[in-house]
Structure formats: structure tokens, C-alpha cells
There are 2 protein chains.
Amino acid sequence: MAQLGGPDAVVLREATRRAGVSPNAAYRHFADRGALLRAVSDIAQGRAADAMEVEVACVSGASGTGDAATDARAMLRAVGTGYLAFARDEPGLFRTAFSVPDQLANSFDAAKAGAAGRTPFQILSAALDAWAAAGILPPERRANAELYAWSAVHGLGMLVIDGPLRGLSAQMIDGATARVLDMVERGL
Amino acid sequence: MAQLGGPDAVVLREATRRAGVSPNAAYRHFADRGALLRAVSDIAQGRAADAMEVEVACVSGASGTGDAATDARAMLRAVGTGYLAFARDEPGLFRTAFSVPDQLANSFDAAKAGAAGRTPFQILSAALDAWAAAGILPPERRANAELYAWSAVHGLGMLVIDGPLRGLSAQMIDGATARVLDMVERGL
DNA sequence: AAGATAATGTGTACAATGTCAACAATCGCA
DNA sequence: TGCGATTGTTGACATTGTACACATTATCTT
């Protein structure tokens, strides 16, 4: 349901119907619809992590150029590319993953991890650590850098999927993705 | 209703109740709930424009430093600051304004304009024109620059009010706002 | 093995919502 | 004056979240 219609489509009664039980059975497992939605959101974040790991693996698999700075940049681009690929391929899951209120502190929760064991936030963090290690991110700018990079790609994703940029052509989105990543790379 | 609870809180029956008419009277004015929501969204965008104009007026009113580049930068920061101030002060309206699917082409629609007659998109566009005029935005990067700057601030806004960054302290948000604007300024 | 205790599921019920169809009043204009 | 368009009303239906009371099944202890 989340996949097809996003958070609003996660409807408790329909879930029980598909499970072949009565509506109220759900209340033995979730306090209310919100709790169910949060659980689905966690799983959706895991899927996002998977999509990101795919792109990351692409550049890591190439075993690097030998230059730590170049590799780190490629890695961060892969993280952003994966995030936005997920937004485009699975808009329902994307919104379910990242449009359900939560606390930053929970971003490390294992329930939100993908198959590789990392949450989306952790994947992003690792890429930024590589930047810092390669010396292309001054130490005084490392703090909370996740939030800034995340904001840029998240904003593009939301505008395109669920906002005033809906219906942008695929090429436009491709271009915008590349340009937003350029901006992050230069501006971080 | 949008102010208090965002798009989901815009409920047709309650609207008619407050108008003192029967539920179905709404169908003489709006095709369905979606149409009502779109109309509310337009108005909310006008409010966003107002919030942005306030910040813009602050820096314009200072009649500038004389340096076009410095002024242009201050203007763009004001646009971003206003956008995020609106997100924080009126999260319900913000989400109603920018989380309702629409087409980029409609971003100039007069129905979305604030009291000063400009839509949020037009305000942003003007600030970027000033950048180009001041020579701090190379011509080849001017195209669609709105989308990239917009993505960054929009992402932060959404993450903070409706996503995994909910409950960030006010200082953290202040800091993140400044840093995201720094990033845009450097990276655009 | 037997019984207590927790877990899970069922039925009925209620208030709310979006929306459809048919009907009524009102207003503007020829 | 009368007619068409605009606006509103009544009644109805399917769907949803959720509360309460009750039944069943697992599980664990004695």
C-alpha cells in the first residue's frame, strides 16, 4: 500500500483484510494507525538504504582511482544519486520513508537499516567521513554536514514527487539531479 | 484547517460546517476535495510569498551596500530565510503550499501570488536574476538555478517539520538554515 | 500433566469522511 | 414574466479509525 500510494495509502483495515483477519486484530500489534505507519516507514527507509548501497557499490566496486579526494566525491555523488533514484523509482515508499515525523536520534535505529546493515543516514555519514579523511571537507564544516547535503537532495526529491515540480520530464530531473549534486559538492 | 494540520486537515465537510451550509454545497464550488485542496494550496503559497517579501524588504530597505554582488547575495539569503521562516512559523500552511502536486508551469499563476503580486517562485527568480546581473552567477549556470536553490531550502524545511528531523532544537535549525544558505551561495 | 496467564483474534458498534442522486430555492437577464 | 443558471438541501452509501466486551489459543510455571 505504501508503495502504491505513500503514507496516506497505509490503511489499517485494508492491511487486516489482506492478512485475512478482522480489523481489530491489528490493535494487538500496533497501538494505532500511527504506530503501523511508523513501522512501515522504518521498512521503507531500509529499502532506501538498499537503493543507495547499490549506487555506492557501483563506485566502490570500481576499486577507486587511487586518489582519495576523487573517490570520496564519487562516493557522495553515488549516495545522492541512489537517494534520488529511490525517490523516482519508488515515490510511494520514499514519501513513506521520509515524510513521517521522527527524531534525528532514531536515524541509527537498526529497524531502518537496509540489507547491508546501514541506515540511509549512516550511509551518508560514511561518505562525509571519507570527505573529511580526504581533506576536502574542512574539519569546522564537518559537523552536521549530513543535514545540509541531505536537505538538498531531499528537497529535490520532494518537489519532484509530491510538490510543484511534479511532471518534470525525465531529462529535466536527470539534469537537476546532477546540478544539485554539483552544488552540494562545491558548497558543502 | 490547513494552518493547524496541513493538507490532510483540509476536510470538506468541516469547511461546509464552518460556512454554515450543508456538506454537499461544497460541490457547487469545487469538483471534489482535491480541487478544494488545490485552491487552499494556492492561497498558502501566497502567504509564503508574503513571508519571503518581508525578509526581502528588510535587505532592500537598507538600500544596499552599493556593491551589486553583495546586495544580490543578501537578497538571495533573504529569500531563503523567508522561506524557512514560513516553514517554521506556519508548518501547516507550508506543507499545504508545497506538498500538493502541481506543475512547474503553474508557478507563475497569479492565484499563488502574495500581496506584493509575486509568487514564491517569481521572488526566487528575481533574486537569481540579480545574481546573474551582478556577475556572480555564470550565465551557463543561470538556467533552472531556481530549482537547485529551492531544493536545498525546501528539503531542510520538509525534513524539519514533517520528517526525520522533527524536534530539532531551535538553535540547531537556525544553524542549519545558515549553513544550507552558505552551501547554496558557494555551490550555485 | 494441569492450570494460570499472556497473546491474539472476533463481533458489534459509533462517529467521521468523501461522494452520489434527486429535489428545491433563488438570482439574473431576456 | 418566465426561464435558465447558480447555489443549496435531504437522504443515502461505502469506507475508515477505533472502543468495548468476549472467545480462543499459546506459553509457561508448578
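So you know, we letter chains A, B, ... as the sequences are listed, proteins then strands, and number each from 1.
Between the P atom of dT17(C) and the CG atom of Asp8(B) lies a distance of 13 Å, rounded to the nearest Å. Phe30(A) has its CZ atom 13 Å from the P atom of dG17(D), to the nearest Å. The CE atom of Met1(B) sits 12 Å away from the C1' atom of dT17(C) (whole-angstrom rounding). Arg33(A) has its CZ atom 19 Å from the P atom of dA16(C), to the nearest Å. Atom P of nucleotide dT10(C) and atom CZ of Arg17(A) are separated by 14 Å, given to the nearest angstrom. Protein atom CZ of Arg18(A) is 20 Å distant from nucleotide atom C1' of dG9(C), rounded to whole Å. Atoms NE2 (His29(B)) and P (dT7(D)) sit 6 Å apart, rounded to a whole Å.
Counting only heavy atoms from C-beta on, Ala25(B) has its side chain closest to dT9(D) among dT18(D), dT9(D), dT16(D). Out of dT10(D), dT18(D), dT17(C), the shortest distance to the side chain of Val11(B) is found at dT17(C).
Heavy-atom distances to DNA chain D give each of Glu14(A) and Ala31(A) a nearest nucleotide, and the one nearer the 5′ end belongs to Glu14(A).
When only modelled atom types and interatomic distance are considered, Glu55(B) and Thr81(B) share no side-chain donor-acceptor pair under 3.5 Å.
Taking 4.0 Å as the cut-off between side-chain N and carboxylate O, Asp174(B) and Arg88(B) count as a salt-bridged pair. Using a 4.0 Å cut-off between a side-chain N of Lys or Arg and a carboxylate O of Asp or Glu, Arg141(A) and Asp182(B) do not qualify as a salt bridge.
At the phosphate of dA19(D), neither OP1 nor OP2 sits under 4.0 Å from any side-chain N or O atom of Tyr27(A).
Among the heavy atoms of the strands lying under 4.0 Å from Arg28(B) is at least one base atom, whether or not backbone atoms are also near. Base contact: Arg13(B) has a heavy atom under 4.0 Å from a base atom.
Figure legend: cation-pi geometry between Arg142(A) and Trp131(A) absent, as NZ or CZ is not positioned both under 6.0 Å from the six-membered ring centre and within 45° of its axis.
Sparse packing is recorded around CZ of Arg47(A), with 12 or fewer heavy atoms of other residues, nucleotides or ligands lying under 6.0 Å away.
For dG11(D), the base has a donor-acceptor partner in the side chain of Asn24(B) [N/O atoms by modelled type, under 3.5 angstrom].
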